[in-house]
Amino acid sequence: MIKQLRFIRTAAVLTVLGMAGCRNGDYIVPPVVTPVDTPVAHQKYKGFYLLNEGNMGSNKCTLDFFDFTTGVYKKNIYAEVNPNVVKELGDVGNDIKIYGSKLYAVINVSNKVEVLDAATARRIQQIDLQNCRYLAFANGKAYISSYAGPVVIDPRSPLGIVAEVDTATLQITRKVEVGYQPEEMAVIGNKLYVANSGGYRPPDYDSTISVIDLTTFKEIKKIHVDINLHRLKADSDGDLYVTSRGDYYSRPSALYVVDTKTDAVKNRFAVAASNLCIAGDTAYLYGSEYSYNTASWKINYAMVNVKTETLLSGNFITDGTERNIKMPYGIMVDPETKDIYVTDARDYVSPGTLYCFDKTGKKRWSVITGDIPAHFVFLPAKQ
Amino acid sequence: MRIPLLRSTLYAVLAGCPIVSVIAQQPSDSTRTKDLREVAVIAPRGGKEIAPGQQLKGAELQRLNAQSVADALRFFSGIQIKDYGGIGGLKTVDVRSMGTNHTGVFYDGIELGNAQNGVVDLGRFSLDNMEEITLYNGQKSSIFQPAKDYGSSGSIYLSTLKPRFAQGEKRHLRGTFKTGSFGLVNPSILWQEKISNRVAASFSGEWTNANGRYKFRYRKTDAHNPAAGYDTTAVRKNGDINAFRLEGSLHGVMDRGEWSSKIYFYDSERGLPGFMANNLFKHVDRQWDRNFFVQSSWRKDISPRYSLMLNGKYAYDYTHYLAPDTAYYTENCYYQQEVYLSAANQFTVTKWWNVGLSGDFQWNKLNADLKNFSYPQRFTTLVALATSVNFQRFSAQASLLNTNMNEQVKRNAASPFRQELTPAVFVSWQPFNKIPVTWRSFYKRIFRMPTFNDLYYTDIGNSNLKPEFTTQYNTGLTWNHTFHGKVLQEIGMETDVYYNEVTDKIVAVPGASQFRWTMMNLGFVKIKGIDVKARAAWQVLEELQVTTRATYTYQEARDYTDKSDSFYGHQIPYIPWHSGSLIIGGLYKAWDVNYSFVYTGERYNAKANIPENYALPWYTSDVSLAYARTVNKTRFRLTAQVNNLLNQYYDVVINYPMPGRNFKFILSVNI
């Protein structure tokens with residue numbers, strides 16, 4: 001009997017010890033370093049950052065860096081550089097830009113713009129702004145679009161805003177109401193152009209560009225374009241290339257050209273455009289158009305000559321690699337080398353792929369990125 | 001006397017009125033009706049179960065002092081609980097890695113449906129009036145059951161307490177009060193009344209209120225520089241809950257048969273505490289639920305060779321969801337209805353051969369105030385033909401289920417007509433008469449229909465979806481032995497190895513943007529696993545009884561969907577390779593002590609098995625001590641419990657932190 005008791009006691013003690021036994025700590029995940037290319041001689045840029053959105057709720061927004069001088073790709077650098085930031089970079093990165101010596105990353109669901117030292121990615125501070133979306137800069141100011149306007153009578157449809165931030169103090173100085181769910185912006189002259197989507201209000205999408213006078217910081221007019229606007233890029237002639245996402249049912253996605261001298265639409269391309277990058281005289285674009293009617297999507301790649309405003313024939317990927325790209329999500333063209341970078345977000349919940357193509361459209365290299373690789377920014381060589 | 005009492009009971013139960021006061025005025029009278037026949041359960045005829053399920057019941061279940069059915073299910077092998085944390089948090093069960101939608105949950109014999117999203121929140125089912133919980137892999141291997149019971153990859157049967165009266169007893173009354181961490185206030189009452197010698201009634205009511213607050217901690221350190229890192233503790237907010245449950249039932253016996261009727265009502269409001277991310281530690285979403293159902297069951301051995309069982313149910317479910325975020329204000333209501341009718345027949349051909357034939361009909365309807373909503377209705381007809389042979393040491397069962405499904409919508413496209421034929425075979429054999437070892441095996445192929453959300457959710461659903469299939473192969477051994485007059489009184493072991501495939505798995509895939517998804521039949525998963533269960537009962541001292549129960553599960557569940565994916569062949573999310581549990585319970589005089597331990601090994605929280613998605617193992621120890629005493633025929637029981645004794649902070653689902661050490665006190669009074 002006593003023997004049995006002793007056995008039980010020993011077993012109990014052992015079990016408790018086993019259970020109390022140390023659980024290894026949760027460690028900061030170090031970057032994955034992959035040499036992908038030989039060092040590239042580059043006049044203007046030292047490299048580029050790639051912001052991975054991370055699927056909503058996963059808190060897996062991450063930052064990658066490609067160094068031209070070494071040809072090395074570093075995946076997930078933020079947490080190692082900034083180990084003390086609670087729960088790392090945050091949830092759903094939405095835009096990234098460099099202005100002066102600072103890098104700004106919009107983290108949409110974390111309701112903040114993360115401000116880093118551009119050269120080191122070391123955190124300076126954050127700017128809190130609910131449901132922030134995109135960035136633009138001019139005259140020492142940052143402009144941040146946000147879905148979250150003040151609560152009005154109908155809480156279902158608050159207008160969006162653009163917040164003005166002083167890049168020296170990193171404080172919000174002014175705010176202006178724009179259209180519904182504002183997205184990308186561009187500054188031309190003394191005017192800020194804001195693409196309004198109305199994406200929270202289907203089927204009552206917004207269809208306008210808000211024009212903001214930067215001196216008074218007031219909306220001076222709206223330019224009617226098409227429903228559900230998203231991208232808005234300026235070319236060197238003062239034209240805006242604006243994309244409409246369509247309604248995912250019968251109204252297709254399209255690309256518009258807005259003349260900022262007249263503030264009127266002057267051209268429309270019947271081409272699905274999800275994202276574009278203008279380098280020199282060419283706009284490189286892709287469309288991943290989903291239709292709920294057929295429960296399928298069509299993916300297309302195209303180029304537009306922004307001088308002649310004509311759709312060029314052919315695809316900028318020429319070696320057939322596009323067949324491996326499940327979901328194109330980010331695009332950037334190096335203005336100096338004309339190398340084309342395209343990201344594949346694949347299924348949105350697992351690591352994506354970054355492809356680098358030369359100017360003839362042949363794949364130079366590819367590398368695994370974070371989840372939903374999306375937004376690029378070049379790091380200038382000299383600051 | 002008897003009839004008015006029956007009537008008033010019925011009215012009281014149906015109206016859900018406060019019965020306590022009615023009863024309090026009636027002094028208990030145990031001297032009446034001494035010679036009446038006891039209301040008892042008459043077991044259905046037919047063969048024994050070929051593959052007995054895993055079971056927790058009676059005292060063993062009570063000793064766990066678990067808050068909900070989900071907490072008790074953690075002690076079963078081969079399953080994973082997806083727990084979003086806290087008292088009001090969603091808790092679902094994934095049996096053998098096939099996905100939560102493949103688990104059928106039956107409440108007193110009839111399946112709890114949720115055509116909208118296929119999820120039954122087991123956190124909402126209290127253990128307060130639960131008699132037993134049984135988990136069957138494949139299906140309950142009986143042939144005298146409704147066709148629906150053949151229709152899931154794994155089934156959980158929840159059986160509420162049935163009134164059982166000893167000689168001379170007429171009434172049981174039990175009041176329970178639970179309180180503790182999370183601001184929990186949880187009173188409940190159970191009242192059982194013997195109405196006649198053939199009919200008994202039962203009423204159970206419960207109120208759960210908690211602010212749901214608890215501390216959680218996120219901590220990371222730099223492996224190379226221990227000084228760097230973060231360590232933050234915060235309070236989980238917006239996890240409050242206020243819920244009422246009212247349940248009434250009648251149980252009757254007749255010659256060679258029995259019947260029961262049940263009415264169930266649940267009403268709740270809760271905050272949805274949401275995921276925790278950088279700079280985002282609070283959410284404001286709220287949800288209101290109202291669930292109502294009535295169900296009846298009737299069973300009789302009509303002739304020596306023929307038995308009949310009828311079941312019927314009507315259910316109404318209402319969900320109101322509100323996300324009053326200034327930027328994205330969402331408010332939606334969903335209304336679901338279900339009608340279910342079933343007839344099961346059993347023919348006894350010879351002493352050892354039975355044949356069963358069941359036919360079920362089910363109607364589901366979902367209304368919602370979403371824009372461009374489809375308003376779907378589903379008409380399901382199930383017919384199951386089954387046969388079993390039973391000999392002394394060998395039994396076998398085969399069944400074939402035919403399912404026909406028709407859907408109608410008011411808008412958009414309806415899912416096309418589907419017809420599926422799915423088989424199952426169960427075999428059990430005890431090779432040696434003298435050795436109590438039984439070999440059992442099964443094969444089953446079954447599917448789950450896409451849910452209404454999968455098919456029709458505005459801007460997400462895809463009405464072209466096909467059913468998602470599972471194929472299961474299982475083989476195992478059981479060994480049970482009883483010793484007389486020894487310290488070790490009883491020992492039992494079960495081991496199963498299995499291989500499952502999930503094909504045409506319904507997965508969310510990117511739609512137009514990261515905020516718009518759609519559903520596709522894309523996934524293909526292969527699962528290999530081992531389940532081990534062991535239990536023993538010990539009589540250590542004359543008055544010290546000890547029971548032990550342990551489970552261990554090994555699972556390899558790999559994604560073989562697309563060779564071009566970097567995660568091809570990786571373990572699917574949230575499935576640990578190793579998991580297990582241990583319960584040690586002791587009973588000494590009036591004292592009752594219980595220790596329980598749950599272990600979930602390392603796993604990944606996303607498809608790619610990379611360091612960014614790695615999740616640490618977690619393990620919790622719960623200890624409870626209870627003292628029972630009877631004073632003047634009134635039995636008091638006081639329990640104190642510490643959960644997560646070692647205060648481990650962990651996430652079951654990424655960014656949904658679980659509570660650390662927490663306490664509970666329970667007082668129950670039986671009259």
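Quick caveat: nothing in here was measured; it's all calculated off a predicted structure. Because only heavy atoms are used, hydrogens play no part in the values below, and waters and symmetry mates are left out as well, while side chains stay in.
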Query raised in the report: Is it true that R219(B) and D26(A) make a salt bridge, defined as a side-chain N closer than 4.0 Å to a carboxylate O?
Result: no

Query raised in the report: Any side-chain heavy-atom pair from T221(B) and Y27(A) closer than 4.5 angstrom?
Result: yes

Report task. Answer yes or no: does atom NZ of K74(A) have more than 12 heavy-atom neighbours from other residues, nucleotides or ligands under 6.0 Å? Result -> no

Report summary line: Separation between CG (N609(B)) and OG (S350(A)), nearest 0.5 Å, reads 11.0 Å

Please list, one pair per line, the donor and acceptor atoms closer than 3.5 Å that link side chains of residues 578-585 of chain B to other protein atoms, with sequence neighbours excluded.
{"unit_1": "H578(B)", "atom_1": "ND1", "unit_2": "Y552(B)", "atom_2": "OH", "d": "2.6"}
{"unit_1": "S579(B)", "atom_1": "OG", "unit_2": "Q80(B)", "atom_2": "NE2", "d": "3.2"}
{"unit_1": "S581(B)", "atom_1": "OG", "unit_2": "T551(B)", "atom_2": "OG1", "d": "2.7"}

Report task. Side-chain contact test, heavy atoms from C-beta onward, threshold under 4.5 Å: evaluate it for I610(B) versus P351(A) and give yes or no. Result -> yes

Report summary line: If you tally heavy-atom pairs under 4.5 Å between each of V507(B), L488(B), N225(B), L280(B) and chain A, the highest tally belongs to L280(B)

Query raised in the report: So do I28(A) and H224(B) actually touch side chain to side chain, heavy atoms under 4.5 Å?
Result: no

Report task. Please list, chain by chain and in numerical order, all residues satisfying side-chain contact (heavy atoms from CB on, under 4.5 Å) with N412(B), sequence neighbours excluded. Result -> N372(B), S374(B)

Requested in this report: Check each atom of I368(A) against the heavy atoms of chain B and say whether the ones under 4.5 Å are side chain, backbone, both or neither.
Outcome: side chain

Query - N76(A), part contacting chain B, at a heavy-atom distance under 4.5 Å - result: side chain

Requested in this report: Name the region of S566(B), side chain, backbone, both or neither, that has any atom closer than 4.5 Å to a heavy atom of chain A.
Outcome: side chain

Query - Contact class of L522(B) relative to chain A, heavy atoms under 4.5 angstrom - result: neither

Query raised in the report: Which answer fits D128(A), side chain, backbone, both or neither, if we ask what part of it has an atom under 4.5 Å from a heavy atom of chain B?
Result: side chain

Query raised in the report: Can you name the nearest heavy-atom pair linking N59(A) to A277(B), along with the distance?
Result: OD1-CB, 3.3 Å

Query raised in the report: Do the non-hydrogen side-chain atoms of D562(B) and K326(A) ever get within less than 4.5 Å of each other?
Result: yes

Report task. With a 4.5 angstrom heavy-atom cut-off, could you sort out which part of S564(B) is near chain A: side chain, backbone, both or neither? Result -> both

Requested in this report: Applying side-chain contact (heavy atoms from CB on, under 4.5 Å), run through V86(A) and K220(B) and close with a yes or a no.
Outcome: CA-CA 8 Å; V86(A) 174; K220(B) 270 194 182 170; over 6 Å; no

Query raised in the report: How many angstroms lie between CD in E612(B) and NZ in K75(A), if you round to the nearest 0.5 Å?
Result: 4.0 Å

Report task. Find out whether P202(A) and K371(B) are in side-chain contact, i.e. whether some heavy atom of one side chain is under 4.5 Å from a heavy atom of the other. Result -> no

Query - Engaged part of Y230(B) at the chain A interface, taking heavy atoms whose separation is under 4.5 Å - result: both

Report task. Could you tell me which portion of F281(B) (side chain, backbone, both or neither) has an atom closer than 4.5 angstrom to a non-hydrogen atom of chain A? Result -> side chain

Report task. Could you walk me through whether N278(B) and E88(A) pass the side-chain contact (heavy atoms from CB on, under 4.5 Å) test, one step at a time? Result -> CA-CA 6 Å; N278(B) 168 281; E88(A) 302 85 31; over 6 Å; no

**Report entry** K87(A) side chain reached by N279(B) side chain, heavy atoms, under 4.5 Å
**Finding:** no

Query raised in the report: With a 4.5 angstrom heavy-atom cut-off, which part of D231(B) approaches chain A: side chain, backbone, both or neither?
Result: neither

Query raised in the report: Is there a donor in the side chain of K60(A) and an acceptor in the side chain of N605(B), or the other way round, less than 3.5 Å apart?
Result: yes

Report task. Before giving the answer on side-chain contact (heavy atoms from CB on, under 4.5 Å), spell out for T330(B) and Y200(A) the whole-Å C-alpha distance, their side-chain angles and the decisive distance to 0.1 Å. Result -> CA-CA 9 Å; T330(B) 314; Y200(A) 282 172; over 6 Å; no

Report task. Name the member of G57(A), G370(A), G90(A) that forms the most heavy-atom pairs with chain B at distances under 4.5 Å. Result -> G57(A)

